[in-house]
Enquirer: 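This structure is in structure tokens; I'll ask about it shortly.
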Amino acid sequence: MHTDASLVVEFLNTVNVEEGTDLLEDPGQWREWAAAHALTANPAAEARAARDALRAAIGDPRLPGGSDGAVNVGTRISLTADGPALVADDVVGTVFIACARLVVRGDWIRLKICPADTCLWAFYDESRNRSRTWCSMRVCGNREKARGWRARAAAG
């Protein structure tokens with residue numbers, strides 16, 4: 001079962017900067033991804049616009065910020081046995097509903113983009129004080145710290 005955070009992060013990571021791949025460029029892979037999440041794939045252009053808007057909102061430096069952020073998303077409210085629930089039939093709507101729940105819970109700020117230029121992987125910061133910087137300290141964090149050390153050693 002996917003959590004709201006894992007669904008959003010997986011959607012944001014359908015683009016892989018390090019490998020130079022974008023799952024949305026292959027219609028078959030995009031439909032498979034959607035089906036694996038029990039969702040209907042939106043048209044690739046629509047999904048890309050939504051993904052880019054979300055990535056920009058959480059700090060992807062490659063994407064322009066400052067737009068009005070308006071993304072048309074098809075959702076509806078359904079009355080269930082547990083009360084009213086937001087419902088969507090496609091990936092984009094479902095991802096935005098997950099984002100809305102993250103905002104309501106105060107967890108939206110835990111969505112981050114790795115600052116390593118070659119990575120830019122989206123991740124969910126599960127640290128207690130929300131201070132995690134890197135997607136992986138072992139990989140990106142270690143690389144960046146080694147670069148900094150080499151630069152200081154060369155300057156000194």
Enquirer: Sequence neighbours left out, what passes side chain to side chain contact (heavy atoms under 4.5 Å, CB included) with Glu126? Give chain and number order.
Expert: Tyr124
Enquirer: For Ala47 and Phe11, which heavy atoms make the closest approach, and how far apart are they?
Expert: O-CZ, 3.5 Å
Enquirer: Applying side chain to side chain contact (heavy atoms under 4.5 Å, CB included), can you list everything that pairs with Pro43, at least two apart in sequence or on another chain?
Expert: Glu46
Enquirer: Between the main-chain N or O of Val92 and the side-chain N or O of Asn42, is there a donor-acceptor pair closer than 3.5 Å?
Expert: yes
Enquirer: Residues in side chain to side chain contact (heavy atoms under 4.5 Å, CB included) with Asp117, at least two apart?
Expert: none
Enquirer: So do the side chains of Ile58 and Lys112 get within less than 4.5 Å of each other, counting heavy atoms only?
Expert: no
Enquirer: Given side chains that start at C-beta, do those of Trp121 and Val17 come closer than 4.5 Å, heavy atoms only?
Expert: no
Enquirer: Can you list the steps and then say if Val91 with Thr40 is a side-chain contact (heavy atoms from CB on, under 4.5 Å)?
Expert: CA-CA 6 Å; Val91 172; Thr40 301; over 6 Å; no
Enquirer: Between Val103 and Val8, is there a shared hydrophobic cluster once you connect ILVMFWY residues whose side-chain heavy atoms come closer than 4.5 Å?
Expert: yes
Enquirer: Supply the atom-to-atom distance Ile113 CD1 to Asn13 CG, rounded to the nearest 0.5 angstrom.
Expert: 7.0 Å
Enquirer: Of all residues at least two apart in sequence or in a different chain, which pass the salt bridge (charged side-chain N to carboxylate O under 4.0 Å, His left out) check with Arg55?
Expert: Asp60
Enquirer: Working to the nearest 0.5 Å, report the span between CG of Leu111 and CG of Leu12.
Expert: 7.0 Å
Enquirer: Please give me the minimum heavy-atom distance between Ser127 and Ser131, naming the atom from each residue.
Expert: OG-N, 3.0 Å
Enquirer: Does anything in residues 95-105 pair up under salt bridge (Lys or Arg N to Asp or Glu O under 4.0 Å), and if so which pairs, sequence neighbours excluded?
Expert: Asp4-Arg101, Asp4-Arg105, Arg105-Asp107
Enquirer: Which residues satisfy the side-chain hydrogen bond (donor to acceptor under 3.5 Å, both in side chains) test with Arg76, sequence neighbours excluded?
Expert: Asp89
Enquirer: Check for me, please, whether Val95 and Ile97 land in the same ILVMFWY cluster - side-chain distances under 4.5 Å, paths through other members count.
Expert: no
Enquirer: Please give the remaining members of the hydrophobic cluster of Phe123, linking ILVMFWY side chains under 4.5 Å, ordered by chain and number.
Expert: none
Enquirer: The criterion is side chain to side chain contact (heavy atoms under 4.5 Å, CB included); which residues satisfy it with Asp22, sequence neighbours excluded?
Expert: Val15, Leu24, Glu25, Arg48, Arg51
Enquirer: Looking at Asn16 and Thr21, would you say the former's side chain and the latter's main chain have a donor-acceptor pair under 3.5 Å?
Expert: no
Enquirer: Whether the side chain of Arg132 engages the backbone of Asp125 through a donor-acceptor N/O pair (distance < 3.5 Å, no angle test) should be reported.
Expert: no
Enquirer: The criterion is salt bridge (charged side-chain N to carboxylate O under 4.0 Å, His left out); which residues satisfy it with Asp52, sequence neighbours excluded?
Expert: none
Enquirer: Might you work through the side-chain contact (heavy atoms from CB on, under 4.5 Å) test for Leu54 and Cys99, ending with a clear yes or no?
Expert: CA-CA 9 Å; Leu54 287 172; Cys99 289; 3.8 Å; yes
Enquirer: Run the side-chain donor-acceptor check on residues 78-88: report pairs under 3.5 Å with partners two or more places apart or on a different chain.
Expert:
unit_1 : atom_1 : unit_2 : atom_2 : d
Thr80  : OG1    : Asp82  : N      : 3.2
Thr80  : OG1    : Gly83  : N      : 3.3
Thr80  : OG1    : Gly83  : O      : 2.6

Enquirer: How would you list, by chain and number, every residue that makes a salt bridge (charged side-chain N to carboxylate O under 4.0 Å, His left out) with Arg130, sequence neighbours excluded?
Expert: none
Enquirer: Could you tell me the separation between the CH2 atom of Trp134 and the SG atom of Cys114, rounded to the nearest 0.5 Å?
Expert: 6.0 Å
Enquirer: Would you list the pairs meeting ring-ring contact (aromatic ring centres under 6.0 Å, His included) in which at least one residue belongs to residues 33-54, sequence neighbours left out?
Expert: His2-His37, Trp30-Trp33, Trp33-His37
Enquirer: In Å, rounded to the nearest 0.5 Å, how long is the span from CD of Glu18 to SG of Cys135?
Expert: 8.0 Å
